Amino acid sequence: MASRFSDRFDFENCEDEPIRTPGGIQSFGALRLLDADSFCLLLESDNAGQLFQQAFAGLECDPSSGLPESFHRHLKHQSDSGKSVWPQRHFSPATEGGWHLTVHREGSHLLVELEPSDQIRPTAVTDLAALIQQVKSARTVEELMTTAADAVRGITGFDRTLVYRFAEDWHGEVVAESRDPTMTSFLGLHFPASDIPAQARQLYVENEIRLIADVEGDVVPLRAHDRRGPANPDLSVCSLRAVSPIHLQYLRNMGVRASMSISVIRDGRLWGLIACHHRSPRHVSVDARLAAKLVGDVLSLCLRLVEDSDAMRARLRHSLYQREILEAFLQSDELTSSLMAKANPLRRLFNASGFAVVERERVMGDGHLPGNADVLKLASWVRKQMGAHNLGLYHCNGWPEPVFPNQAETAAGVLALSPTSDHSVVVLWLRMEEPREIVWAGQHELVSGDPLNPRHSFEQWSQQRRGVARPWADWELDAAEEMLVALQKLCLRQLERLQRIAVNLERSNRDLEDFAFIASHDLQEPLRKIEALSSLILEELEQPDFDRVEVQGYVGRVSGAAARLRALVGDLLTYSRVGRLDYQVAECDWRDIIGRTIELLDTEIASAGAEVRLSGDFPVSRASPVLLRMVFQNLISNAVKYRNPDGPRPLVDVVSNQVEGVWRVDVIDNGIGFDPEKSEAIFKPFHRLHSKSRYPGSGIGLAIVRKAAERIGARVTASSSPGTGSCFSVIFPA
C-alpha cells in the first residue's frame, strides 16, 4: 500500500489532505493493526516484521499478534472487559535501551505501535518533579509559560521550545520561548491561521502530542495481511503517523529537521501549543514525550487557575460598581428611564467608548457615538442576529462588512443585549478601534497560482491592524449576562405594572359607564323633581293670594329631593375613593373591627329592634382598617334595613371560621331575602331590587362592599331566596 500523500499535492486545498489516513508511518517505529476480538493481524507497516522480531527476540510471543505472551494475555483481558482505559502501554527491556509498545483501541481494531526507547537524559527525569513544581509556582501567565517552555526543553533536549497561543481568529502568537542562543528567536511573532488549518487544529485536540523525528525520514507504507482489514486505516491517535509533505516543506523552510508539539487544552478547546524544533534529526522516547506532556497538562491546569484568578480580580473590582447599578434596577419598573439614569456608569462599567439605548426608532446615549441614523442601522443589524439565533446577548469585534461608513471609528467592537422578547429595546456598548502593530513571521500572503506551496520566508514584517477594538473579556460577558437577567426582571415588573394599569383603566372605564348611567338617570331624577317643584313654587308665589300651606309642601318636597341628591353624590364619592385612595395597611383583628363597627351602628340597630351576634374564630391579618370597616358596616346595615316589617325580630349573625385554606366570615340575616338569580346583579352600582319609598338608599352600598373587599384581597358572595333571609360571605386567604 503506497503512501496516500502525493509529491505533487494533487488535492484542491489543505483541508483535503488525508492527514488522518496517510497510508504510511514515520520510519522510527513500526505499526500493526489487529482484530480486537481474534487478535489476527490485518495490516502492518513494511518494517513491522523486522522490528517486532528484533524487539522481542528470545521472548515467548503470541503467533497471531507477534506480541510478548504476557502482554498479549493482558491485552486480551483488557479488550474483553470493555472497561479499560486506552491506550495500553508496555516496555520490553533490551541492551540498548528497550522497546515501547503503545496499543490503541479504535472500534473493532487494535492499533499497535512499536518504537525504540532511547536513553533519556537522566537529569531530565530526576528533575521532572522540580520542573513541574516550578511551573506550578509561577504567579503570572508570562512566567508560567516561560517556565513551561524551559521545562519541556530540559526534558526533550530540543534546540528551541515555543509556547504558541491561538487568537480568536486562530492566528497564533509566540508568547514564550526557550532556545539555544544560536537559534533564531520567534518570541512575539505572529503566524497566520492558514499555517495550521482547521483539520490540523482538530487533530491537535484528539492527539495531544506529535513527534516528527526526521523531516527527511522515509515514509514506511502499510501492507494488508487480511482482506477484512480497512483499506486506509485512521491513524489519528498514532504517534508514528506519516506527515503531510506540505508541513514537512514548511519545516524545511524554517530550517528545522525535527519537531514535536504538545497541545495546551483549556475547557475542551485548543488554547495553544508547546512547539519544539531541532536542527538535526531527533527521536524522543515515549517516556520523555509523556513527561513533556505532563508539563503541558500542568501548564493547561495552571493557565486556568492564573487566568481565572486575573479575571476574578478584574471582576471583583467591578462587582461592587455593578451591584449598585443592579440595585437601582431592582427598585424600578421603568426600563428605558432606568437605563438612561445610569447611562454614564453603565458605559464605564464595560469600559466602552459609547453607550446607547434604542427603543424602536428612538435613540438615547452617552459617550462617543455615531449619528442616530447609524445607531439605528446598527441596532437593526443586531436585532436580526438576535432574532435569527434566538439570542438575548450578542457581541462582535471587527467587521468584514461594516454596517455604516467609518464604523470602526466609533463601533469596531459591539456588546449588545435586548431584555424584551420582541427586541424592541436594544442596549449597546460600543468600543472604537485600537490600531495595533503586529509583527508577523514572514510575508504570509499566498503566492498567486500556487495556493498550496508553503511559504519560504520567516523574516519579520510589520502590519498595522485596523478595524478591531479591545476584545470583550470573558468576565465582561458574564457581567453582561447578569445585566440581561436583571433587565429582563425589570421588564417583567414593567409588564406587571402595565397590566395593573390596564386592569385599573378597565375598572375606571366601567366606573365611568356607571357614572354616565347615574348622571343620565339616578342623579337627574331628583334634579328634575327639584326643577319641577321650583317652577310650581314660583307660579304659586306669583298669585297675590297664594296658598302658604301648599308652597310649604312644595318646599318640603324640594328639600327631600335635595337630600336624596346629596346622599347620591356622597355615595358616589365614597365609591370612587375606594378604588382611588391609598389606604394605610396595618395589623387588623377582624373581631375587634367588626365589634367597633356594630357600636357605630347601635342607633340604627336599636331603632329596628334588631340583635347582632358574633361567633367563631376571626382572622388577624394585614389589611386596611378603613376598608375592612366599610365592608362590614354596609353588610350589617343592609341586614338590619332589609327586614320583614311583619316578621320576627331582626336577627343578624356574623359567623367566622377557617376552611380549606381560607377564612370565611358570613353575615346572615332573617330578612326579606332576594331572588338567587340576582346574586351578582345586586353588587352593581345603583342596582335596586326594592322601591326607594319602602327601603330608602342610593343602591350603591353593595358595590362599595365588593370594591373595598377587592382592595384588601378578599371576595364577597351572596346567597338567598325570597322570604328566608340572606347570607353575605367575605372570603379571605388564610
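Quantities reported herein were computed from a predicted structural model and do not represent experimental measurements.
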A.B. asks: Please determine whether the number of non-hydrogen atoms from other residues, nucleotides or ligands lying under 6.0 Å from atom NE2 of H395 exceeds 12.
C.D. replies: no
A.B. asks: With side chains defined as the heavy atoms from C-beta onward, is the minimum distance between Q26 and V243 less than 4.5 Å?
C.D. replies: yes
A.B. asks: Keeping the roles fixed (side chain from R201, backbone from I196), state whether a donor-acceptor pair exists under 3.5 Å.
C.D. replies: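 It does hold such a pair.
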A.B. asks: Which pair of non-hydrogen atoms, one from S92 and one from L59, has the smallest distance, and what is that distance?
C.D. replies: OG-CD1, 4.4 Å
A.B. asks: When rounded to the nearest 0.5 angstrom, what distance separates CG in D46 from CG in L222?
C.D. replies: 8.0 Å
A.B. asks: Flag yes if more than 12 heavy atoms outside Q53 fall under 6.0 Å of its CD atom; otherwise flag no.
C.D. replies: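 It does not: Q53 CD has 12 such atoms or fewer within range.
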A.B. asks: Would you say the side-chain atoms of S79 pair up with the backbone N or O of A36, donor to acceptor, closer than 3.5 Å?
C.D. replies: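 It does hold such a pair.
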A.B. asks: Is it true that Q54 and Q50 share a donor-acceptor pair across their side chains at a distance under 3.5 Å?
C.D. replies: no
A.B. asks: Using 0.5 Å steps for rounding, measure from the OG atom of S261 to the CG atom of L162.
C.D. replies: 11.5 Å
A.B. asks: Given side chains that start at C-beta, do those of K384 and H389 come closer than 4.5 Å, heavy atoms only?
C.D. replies: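 Answer no - side chains too far apart.
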A.B. asks: Say you draw a straight line from CG of N47 to CZ of F52; how long is it, rounded to the nearest 0.5 Å?
C.D. replies: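 Between atom CG of N47 and atom CZ of F52 there are 9.0 Å.
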A.B. asks: Nearest 0.5 Å, please: how far is OG in S418 from CG in L484?
C.D. replies: 8.0 Å
A.B. asks: Taking it one step at a time, do R279 and T182 satisfy side chain to side chain donor-acceptor pair (under 3.5 Å)?
C.D. replies: CA-CA 11 Å; R279 287 169 293 194; T182 61; 2.7 Å; yes
A.B. asks: So L391 and L417, do their side chains get closer than 4.5 Å, heavy atoms only?
C.D. replies: no
A.B. asks: Given the side-chain rings of F158 and H277, with only the six-membered ring counted for Trp, is the space between their centroids under 6.0 Å?
C.D. replies: no
A.B. asks: Check this for me, if you would: do D214 and R257 make a salt bridge, where the nitrogen-to-carboxylate-oxygen distance has to be below 4.0 angstrom?
C.D. replies: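 Looking at R257 together with D214, the answer is yes, because their closest N to O distance falls below 4.0 Å.
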A.B. asks: So, does R165 use its side chain to make a donor-acceptor pair with the main chain of V174 at under 3.5 Å?
C.D. replies: no
A.B. asks: For side chain to side chain contact (heavy atoms under 4.5 Å, CB included), just list the numbers for Y164 and V175, CA-CA rounded to whole Å, side-chain angles, deciding distance to a tenth of an Å, and then say yes or no.
C.D. replies: CA-CA 6 Å; Y164 181 92; V175 292; over 6 Å; no
A.B. asks: If I compare all heavy atoms of E113 with all of S239, which pair ends up nearest, and what's the gap?
C.D. replies: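 The pair with the smallest heavy-atom distance is OE2-N, 2.7 Å.
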A.B. asks: Any idea which heavy atoms bring V256 and V215 closest together, and the distance?
C.D. replies: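 Residues V256 and V215, closest heavy atoms: O-CG2, 3.6 Å.
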A.B. asks: A quick test of your reading: do over 12 heavy atoms of other residues, nucleotides or ligands sit less than 6.0 Å from CG of D226?
C.D. replies: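 More than 12 within 6.0 Å, yes.
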A.B. asks: How close do H104 and W86 get, heavy atom to heavy atom, and via which atoms?
C.D. replies: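 Nearest heavy atoms, H104 then W86: C-CE3, 4.3 Å.
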A.B. asks: Given the rule in the side chain to side chain contact (heavy atoms under 4.5 Å, CB included) test, do E44 and L33 qualify, once you have shown the distances and angles that lead to the verdict?
C.D. replies: CA-CA 6 Å; E44 68 177 357; L33 181 75; over 6 Å; no
A.B. asks: For the residue pair F39 and L75, establish whether any side-chain heavy-atom pair is separated by less than 4.5 Å.
C.D. replies: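 Yes, side chains in contact.
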A.B. asks: Stepwise, does the side chain to side chain donor-acceptor pair (under 3.5 Å) test hold for D218 with S27?
C.D. replies: CA-CA 6 Å; D218 294 332; S27 59; 5.6 Å; no
A.B. asks: Can a donor-acceptor pair be found, under 3.5 Å and without considering hydrogens, that links the side chain of R105 to the backbone of Q88?
C.D. replies: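 Not confirmed, R105 side chain does not pair with Q88 backbone.
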A.B. asks: Any chance you could measure L235, atom CG, to I19, atom CD1, to the nearest 0.5 Å?
C.D. replies: 11.5 Å
A.B. asks: Angle between ring planes, F166 versus W170, binned at 30° and 60°: parallel, tilted or perpendicular?
C.D. replies: perpendicular
A.B. asks: Between E177 and S185, does the side chain to side chain donor-acceptor pair (under 3.5 Å) criterion hold? Intermediate values first, please.
C.D. replies: CA-CA 8 Å; E177 181 180 71; S185 174; 2.7 Å; yes
A.B. asks: Tell me, yes or no, whether the heavy-atom count around E168 atom CD, taken from other residues, nucleotides or ligands under 6.0 Å, exceeds 12.
C.D. replies: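 For E168, atom CD is not crowded (no more than 12 foreign heavy atoms under 6.0 Å).
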A.B. asks: Just by modelled atom types, is the S70 backbone N or O under 3.5 Å from a matching donor or acceptor in the H74 side chain?
C.D. replies: no
A.B. asks: Less than 4.5 Å apart, side chain to side chain, heavy atoms only: is that true for H100 and L114?
C.D. replies: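 A side-chain contact under 4.5 Å is absent here.
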A.B. asks: Is the backbone N or O of M183 less than 3.5 Å from a side-chain atom of R179, with the two atoms forming a donor-acceptor pair by type?
C.D. replies: yes
A.B. asks: For H423, does its backbone N or O pair with a side-chain atom of R383 as donor and acceptor, under 3.5 Å?
C.D. replies: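 Indeed, once roles are kept as given, a pair shorter than 3.5 Å links the two residues.
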A.B. asks: Please name the pair of heavy atoms, one in S236 and one in N207, separated by the smallest distance, quoted to 0.1 Å.
C.D. replies: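 Shortest heavy-atom contact: O-ND2, 2.9 Å.
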A.B. asks: With heavy-atom distances below 4.5 Å as the criterion, would you say the side chains of S64 and H72 are in contact?
C.D. replies: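 They are in contact (side-chain heavy atoms under 4.5 Å apart), so the answer is yes.
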A.B. asks: Evaluate the criterion ring-ring contact (aromatic ring centres under 6.0 Å, His included) for residue pair F191 and F186; output intermediate values, then yes/no.
C.D. replies: CA-CA 10 Å; F191 292 75; F186 286 164; 5.8 Å; yes
A.B. asks: Main chain of F350, side chain of R431: is a donor-acceptor contact present, judged purely on distance under 3.5 Å?
C.D. replies: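 It does hold such a pair.
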A.B. asks: Strictly distance-based, threshold 3.5 Å: is any side-chain N or O of K76 a donor or acceptor partner for the main-chain N or O of S38?
C.D. replies: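 No.
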A.B. asks: Where is the tightest heavy-atom contact between M386 and A416, given as atom of each residue plus distance?
C.D. replies: CE-O, 3.6 Å
A.B. asks: Pair L34, L42 - check side chain to side chain contact (heavy atoms under 4.5 Å, CB included), show working.
C.D. replies: CA-CA 5 Å; L34 308 178; L42 302 178; over 6 Å; no
A.B. asks: Determine, for R289 against E208, whether the closest basic-nitrogen to carboxylate-oxygen distance falls under 4.0 angstrom.
C.D. replies: no
A.B. asks: So, the side chain of W381 versus the backbone of V403: is there a donor-acceptor pair under 3.5 Å, distance only?
C.D. replies: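 No.
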A.B. asks: Does a sphere of radius 6.0 Å around CD in E60 hold more than 12 heavy atoms from other residues, nucleotides or ligands, not counting ones at 6.0 Å or beyond?
C.D. replies: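 For E60, atom CD is not crowded (no more than 12 foreign heavy atoms under 6.0 Å).
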A.B. asks: Side-chain contact, heavy-atom cut-off 4.5 Å: L270 with S263?
C.D. replies: yes
A.B. asks: May I ask you to test the T184-R160 pair for a side-chain heavy-atom distance under 4.5 Å?
C.D. replies: yes
A.B. asks: Find the distance between CD1 (I262) and CG (L299) and round it off to the nearest 0.5 Å.
C.D. replies: 9.5 Å
A.B. asks: As a quick check of understanding, evaluate side chain to side chain contact (heavy atoms under 4.5 Å, CB included) for L273 and V163, giving each step before the final call.
C.D. replies: CA-CA 6 Å; L273 299 170; V163 178; over 6 Å; no
